[in-house]
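Below is one structure, written out as structure tokens; the observations come after it.
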Amino acid sequence: MAKEEKSELIDKIVSLCKRRGFIFPGSEIYGGLANSWDYGPLGVELKNNIKSAWWERFVHQRDDMVGIDAALIMNPKVWQASGHLENFSDPLVECKKCHHRFRKDLLEKNICPDCKGELMEPKQFNLMLKTFLGPVENDDSIVYFRPETAQAMFVDFKNVLDTTRRKLPFGIGQIGKAFRNEITPGNFIFRTREFEQMEIEYFIKEEEWKNVFEMWRKEMWSWMTDVLGLQEKDIHELDIPDGERAHYSKKTIDFEYDFPFGRKELYGLAYRTDFDLKNHFKEPPYENVEAGEKLYPHVVEPTWGVDRSVLAVLCQAYSEEEERIVLKLKPNLAPYKVAVFPLLKNKPELVKKAQEVYHALKKEFTVAFDERGNIGKRYYSQDEIGTPFCITVDFDTLENDDVTVRDRDTMKQERIKIKDLQIFLTNKLS
Ligand code: ATP
């Protein structure tokens, strides 16, 4: 795809998201707020489907994982111990002429990208978002919105261990919001100051780290291609060299994705050593009495951004075919799995039958009901939001108890008995 087509693509996706209720600009009626975005009725379904697929795959389906859901404002001592107060910063540069500010490591050249002016010397800018807890605003009441979900898994490590009696290796997973006072948010939902992460801290013995790192590398690939439906050719691994990794990491791979605005980080995989547990616990927090072991476990951390997942999925799924726009979402991610239409809106017997089919399917699937306009328009409307199947109730339905089922991708239609619909859809959607 040519460069202009790619930049057009992101505009088309942003516009589709707004038009169909996936994602709106945040606080729009007040002029928005610094690149914040709200997920609308379809967006929240897509996002929740991604999060539940992740939880199902990495927490429920594994024997070596448990989950938590921690408070996102933590005792500030956590951030002291984790090194975030001191080290969680990006290099900020300001233009001497227009005074715009940029993240130096993201600039291609050492001049202002807006006015070509000269840049001042870089300063380290801490990304932690601050607020005050309680009625008094002074230094003692300063707290931080967490910049990553990870720390709760370390701080709660002993509680999880005591209550679940896990043995190494095992992991703790969490999905939740994180906040970073990004210098330059942008590229739609790619970089925002409030976002969601899905993270795993996987606890191991030191000598296992290379194998475990490799296991998670493969798991992350499989998630991207099998669950999200991203194409292998658009995904690239970047081994982060010494000196550029986060302060806690001994090895990091970024998984980059070819977004329409360039190749950028989608997810990360880091070997965090025993850095965090050592900083939080005076005594080794793990003990296996039978094996005579007392130690600080080491940690491999795979981390997934939820919003970047949504964006990559949308970029992958968006396609234009002659007169229709189709979101070719994997069925497991589609906001609606099926839509039901009565052939004609003004025939009560058709509407009634269609309503019956709709309510029966709704017990199992997320279902849309549409009776506006003609069938062709309704198909296109569902294609644009990625609904895999459309069902039409017509006059033959009243005679034969069967319906037309139309496939989003092939546009082929077939007649299916109403009593067989549920099993038919279950097979197709799995
Ligand atoms: P970047 O280099 O893009 O700033 P990072 O390396 O600081 O990202 P991590 O600290 O590894 O990011 O965070 C883990 C994941 O959280 C990222 O891979 C990404 O998916 C997501 N993420 C991080 N920052 C943001 C943000 N500002 N907006 C949306 N998602 C984010």
Side-chain angles (χ1 to χ4, degrees), residues 23 26 33-39 43 47 50-51 54 72 79 82-84 87-92 102-107 124-129 144-153 173-201 213 216-217 220-221 223-224 228 230 235-241 243-259 261-272 275-276 299-315:
I23 300 167
L33 175 73
N35 285 289
S36 67
W37 300 91
D38 294 343
Y39 285 81
K47 184 156 88 143
I50 291 175
K51 291 194 284 184
W54 186 90
L72 66 82
W79 308 112
S82 69
H84 281 80
N87 297 314
F88 196 64
S89 52
D90 280 335
L92 170 92
F102 308 95
R103 210 174 117 178
K104 183 160 190 307
D105 57 323
L106 297 182
L107 290 181
Q124 283 301 319
F125 174 76
N126 193 289
L127 300 178
M128 303 272 284
L129 204 70
Y144 303 88
F145 290 98
R146 64 181 176 200
E148 57 172 25
T149 62
Q151 288 307 316
M153 274 88 95
Q174 180 173 211
I175 301 179
K177 290 243 169 167
F179 297 78
R180 294 182 188 177
N181 205 2
E182 295 278 359
I183 296 167
T184 41
N187 284 329
F188 193 30
I189 52 171
F190 177 80
R191 187 179 302 287
T192 50
R193 293 190 172 115
E194 172 179 347
F195 56 96
E196 255 181 299
Q197 293 183 315
M198 307 183 282
E199 292 196 300
I200 291 173
E201 305 308 318
F213 196 91
W216 281 110
R217 195 178 70 83
M220 293 181 90
W221 270 101
W223 162 264
M224 291 184 281
L228 298 191
L230 305 182
I235 304 166
H236 311 272
E237 283 185 21
L238 180 69
D239 207 334
I240 308 294
E244 289 179 30
R245 288 188 294 269
H247 60 278
Y248 47 72
S249 169
K250 247 193 179 165
K251 180 172 173 72
T252 299
I253 290 178
D254 281 353
F255 291 91
E256 298 190 312
Y257 182 73
D258 289 326
F259 287 100
F261 42 82
R263 188 172 292 179
K264 308 263 180 215
E265 174 175 338
L266 176 60
Y267 303 139
L269 174 61
Y271 168 42
R272 288 178 87 126
F275 177 88
D276 299 273
V299 173
V300 171
E301 175 196 69
T303 169
W304 294 255
V306 177
D307 312 84
R308 288 186 192 179
S309 307
V310 171
L311 186 55
V313 162
L314 288 170
C315 294

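Values below: every heavy atom of this structure, side chains too, minus hydrogens, waters and symmetry copies. One-based numbering, in listed order, for ligands and for the atoms of each.
Shortest contact from atom 28 (N) of ligand 1 to any protein heavy atom: Thr192 N, 3.1 Å. From the protein, the heavy atom lying nearest to atom 29 (C) of ligand 1 is Phe190 O, 3.1 Å. In terms of protein heavy-atom proximity, atom 22 (N) of ligand 1 is nearest to Phe195 CE1, 3.5 Å. Looking only at protein heavy atoms, the nearest one to atom 21 (C) of ligand 1 is Gly305 CA, 3.8 Å. Atom 8 (O) of ligand 1 has as its closest protein heavy atom Glu265 OE1, 3.6 Å. Closest to atom 16 (O) of ligand 1, if we only count protein heavy atoms, is Gln197 NE2, 3.3 Å.
Geometrically, Lys47 engages Tyr39 in a cation-pi contact, judged by NZ or CZ lying under 6.0 Å from the ring centre and within 45° of the ring axis. By the 6.0 Å and 45° rule, Arg308 stacks over the aromatic ring of Phe190.
Residues Ala150 and Arg272 approach most closely at CB-NH1, 3.7 Å, considering heavy atoms.
The structure places CD1 of Ile189 at 12.0 Å from CG of Asn35, a figure rounded to the nearest 0.5 Å.
Residue contact check: Glu182 has heavy atoms under 4.0 Å from atoms 24 (N), 26 (C), 27 (N) of ligand 1. Taking a cut-off of under 4.0 Å to the non-hydrogen atoms of Thr303, the atoms of ligand 1 that pass are 14 (C), 15 (C). Numbered from 1 in the order shown, with element, the atoms of ligand 1 that lie under 4.0 Å from a heavy atom of Tyr267 read 18 (O).
At least one heavy atom of Arg103 sits under 4.0 Å from some atom of ligand 1. For Phe255, the closest heavy-atom approach to ligand 1 does not fall below 4.0 Å.
The salt bridge (charged side-chain N to carboxylate O under 4.0 Å, His left out) test applied to Asp90 returns Arg103, not counting sequence neighbours. Glu194 meets the salt bridge (charged side-chain N to carboxylate O under 4.0 Å, His left out) test with Lys177; sequence neighbours excluded.
No more than 12 heavy-atom neighbours from other residues, nucleotides or ligands sit within 6.0 angstrom of NZ on Lys104.
Both the backbone and the side chain of Arg191 come within contact range of ligand 1, each with a heavy atom under 4.0 Å. No part of Asp307 comes within 4.0 Å of ligand 1, judged by heavy-atom distances. When non-hydrogen atoms are compared, ligand 1 lies under 4.0 Å from the side chain of Arg180 (C-beta onward) but not from its backbone.
By the 4.5 Å heavy-atom criterion applied to side chains, Ser309 and Tyr267 are counted as neighbours. Contact of the Leu269 side chain with the Met220 side chain is registered, since non-hydrogen atoms from C-beta on lie closer than 4.5 Å.
In terms of N/O distances under 3.5 Å, ligand 1 is not approached by Asp254.
Counting heavy atoms only, Leu266 comes closest to atom 20 (O) of ligand 1 of the residues Val306, Thr184, Asn181, Leu266.
Aromatic ring pairs are classed by plane angle as parallel below 30°, tilted from 30° to 60° and perpendicular above 60°; the pair Tyr257 and Phe259 is perpendicular.
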